[in-house]
K.L.:
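Once you've had a glance at the structure underneath, I'll fire off some questions.
Just follow the structure's listing: the first ligand is 1, and inside any ligand the first atom is 1. Quick caveat, the model's predicted, so the values are computed rather than measured.
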Amino acid sequence: MFEQAMGRSAASAQQYLQELHDRFKGDTSGKVADYIPQLAKVPQDAFAIAACTVQGEVVAVGDADLTFTLQSASKPFTYGLALDMLGREAVRAKVGVEPTGEAFNSIVELEEGVHRPYNPMINAGAIAVCALLCESVGLDEAIARGEAMAEGYLGRPSTFDPEVLASELVTGHRNRAIAHLLRHFHIMGEDIDSALTLYYRQCSIEVTARDLASMGATLANRGVHPTTGARAIGSAYVRDILTLMFTCGLYDSAGRWAYTVGLPAKSGVSGCVVGVVPGRMGLAVYSPRLDSHGHSVRALQVFNAWSEDWNLSVFE
Ligand code: DON
């Protein structure tokens, strides 16, 4: 099946992943995110690489069964949920599709005139999407839909880390400030607590690198999970998600990423990056030490090498 997706056997793919792991495991530069107290407690040197084909074959090396939280890697999936539930027009009224060239937690990033957040991959946009979901169906139902959505992509029941959720709810003053700004401009209503609770709940969904690769593979497979065959998202919206991952998924590094790696992808401050090779595979790397832009140091190295060695850019 790797044969079908990549023209190489699973054994040679596994061997290649091991080479990548060996090549970059010695790099212990970067710093684990500690602005969320719970995240500072993770095993700092953990390192996993995984790939899942659209036929459902998985290869993985390193700490591929270690659990971590999705953090911002949840944003494309939550955006997809909103599109699926409410349609493009309702979602586009609240959040745009332009890259910002700014950090993920930028406070001033709202579109001139309409005051929409620029895109759903930055915190402001993701919070606006969560507010929209809560205002449409209520917090409890939105959480339930978020869980069902995650199950579709994971192919198993979804779990979340309550301590990470609580930690962010207590310490996330910057996101609360962003929510108040959105409230000021009528992008969201009064219920800031519900919007932030859903946002953090999505960020605290627990996955392994194997899981994250299968989430990417589900997007690569037009929204259908490769092994369960269940649809996680309407196929009409997969293009929306992948386009925004491509242009905005790595915030102020998005241009460099598009230029060097050339794949739709999304990073999270837990140290994960999920990448999508449309029609072929989902890729995931987990390594918690981050660079100054908030991206996993080793994940960037791995994706750069992987894309070059396997000609993965969507423009190849
Ligand atoms: O909003 C936050 O601070 C986090 N829960 C998510 C941020 C994040 O992962 C940014 N990613 N690169």
Side-chain angles (χ1 to χ4, degrees), residues 30-42 68-79 95 99-107 109 117-131 143 146 150 160-182 188 192-207 212 215 244-254 256-257 261 264-275 284-300 303:
K31 212 170 149 294
V32 171
D34 56 7
Y35 75 98
I36 306 169
Q38 275 306 114
L39 282 191
K41 298 180 185 166
V42 301
F68 53 91
T69 55
L70 275 179
Q71 295 302 327
S72 286
S74 63
K75 288 171 179 162
F77 301 99
T78 309
Y79 180 57
V95 62
T100 62
E102 298 280 344
F104 67 92
N105 56 3
S106 173
I107 286 190
E109 280 309 322
Y118 276 84
N119 69 69
M121 302 296 140
I122 52 171
N123 289 13
I127 292 167
V129 167
C130 287
I143 287 177
F160 73 103
D161 184 331
E163 288 178 351
V164 171
L165 169 62
S167 182
E168 291 215 80
L169 266 173
V170 173
T171 59
H173 302 297
R174 197 177 170 108
N175 284 336
R176 201 162 277 275
I178 290 172
H180 276 281
L181 199 62
L182 296 175
M188 60 183 279
I192 286 171
D193 282 332
S194 287
L196 290 176
T197 301
L198 179 62
Y199 172 75
Y200 289 132
R201 171 68 190 238
Q202 295 297 100
C203 287
S204 64
I205 290 171
E206 293 175 312
V207 295
L212 192 53
M215 294 177 83
L244 286 168
M245 288 171 79
F246 191 78
T247 54
C248 311
L250 271 86
Y251 316 118
D252 44 342
S253 316
R256 189 167 46 116
W257 177 274
V261 179
K266 187 73 200 78
S267 71
V269 285
S270 48
C272 63
V273 176
V274 56
V285 180
Y286 172 60
S287 173
R289 292 180 194 270
L290 309 178
D291 67 12
S292 57
H293 298 270
H295 307 307
S296 164
V297 173
R298 286 177 180 149
L300 294 198
F303 268 98

K.L.:
Hey, is Asn123 one of the residues with a heavy atom under 4.0 angstrom from ligand 1?
P.N.:
yes

K.L.:
Within this structure, what is the CG-OH distance for the pair Asn105 and Tyr251, rounded to the nearest 0.5 Å?
P.N.:
9.0 Å

K.L.:
N/O to N/O below 3.5 Å, does that happen between Val269 and ligand 1?
P.N.:
yes

K.L.:
Taking distance alone, with N or O pairs closer than 3.5 Å, would you say Tyr35 contacts ligand 1?
P.N.:
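Yes, Tyr35 has an N/O under 3.5 Å of an N/O on ligand 1.
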
K.L.:
To the nearest 0.5 Å, what is the distance between CE (Met121) and OG1 (Thr78)?
P.N.:
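Met121 atom CE to Thr78 atom OG1 measures 9.0 Å (nearest 0.5 Å).
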
K.L.:
Can you confirm, on distance only, whether ligand 1 has an N/O atom lying under 3.5 Å from any N/O atom belonging to Asn175?
P.N.:
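Min N/O separation from ligand 1 is below 3.5 Å for Asn175.
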
K.L.:
Using 0.5 Å steps for rounding, measure from the CD1 atom of Ile143 to the SG atom of Cys130.
P.N.:
10.0 Å

K.L.:
Report yes if the side chains of Tyr286 and Leu212 come closer than 4.5 Å at any heavy-atom pair, otherwise no.
P.N.:
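Counting from C-beta outward, Tyr286 and Leu212 never come under 4.5 Å.
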
K.L.:
Roughly how far, to the nearest 0.5 Å, is the CZ atom of Phe68 from the CG atom of Asp161?
P.N.:
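Interatomic distance, Asp161 CG to Phe68 CZ, rounded to 0.5 Å: 12.5 Å.
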
K.L.:
Can you tell which of Tyr200, Tyr251, Tyr199 gets a heavy atom nearest to atom 1 (O) of ligand 1?
P.N.:
Tyr199

K.L.:
Using a strict 4.0 Å cut-off to heavy atoms of Gln71, name the atoms of ligand 1 that fall inside it.
P.N.:
4 (C), 5 (N), 6 (C), 9 (O)

K.L.:
Can you report which non-hydrogen protein atom sits closest to atom 8 (C) of ligand 1, along with the distance?
P.N.:
Ser72 OG, 2.4 Å

K.L.:
Side-chain donor-acceptor pair under 3.5 Å between Tyr79 and Asn119, yes or no?
P.N.:
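No pair is found: no donor N or O on one side chain lies under 3.5 Å from an acceptor on the other.
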
K.L.:
Short N/O distance, under 3.5 Å, between Glu168 and ligand 1?
P.N.:
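Between Glu168 and ligand 1, an N or O pair is found under 3.5 Å apart.
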
K.L.:
What distance separates Gln202 CD from Leu165 CG, expressed to the nearest 0.5 Å?
P.N.:
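Going from CD on Gln202 over to CG on Leu165, the span is 10.5 Å.
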
K.L.:
Relative to the heavy atoms of Gly268, which atoms of ligand 1 are at a distance of less than 4.0 Å?
P.N.:
9 (O), 11 (N), 12 (N)

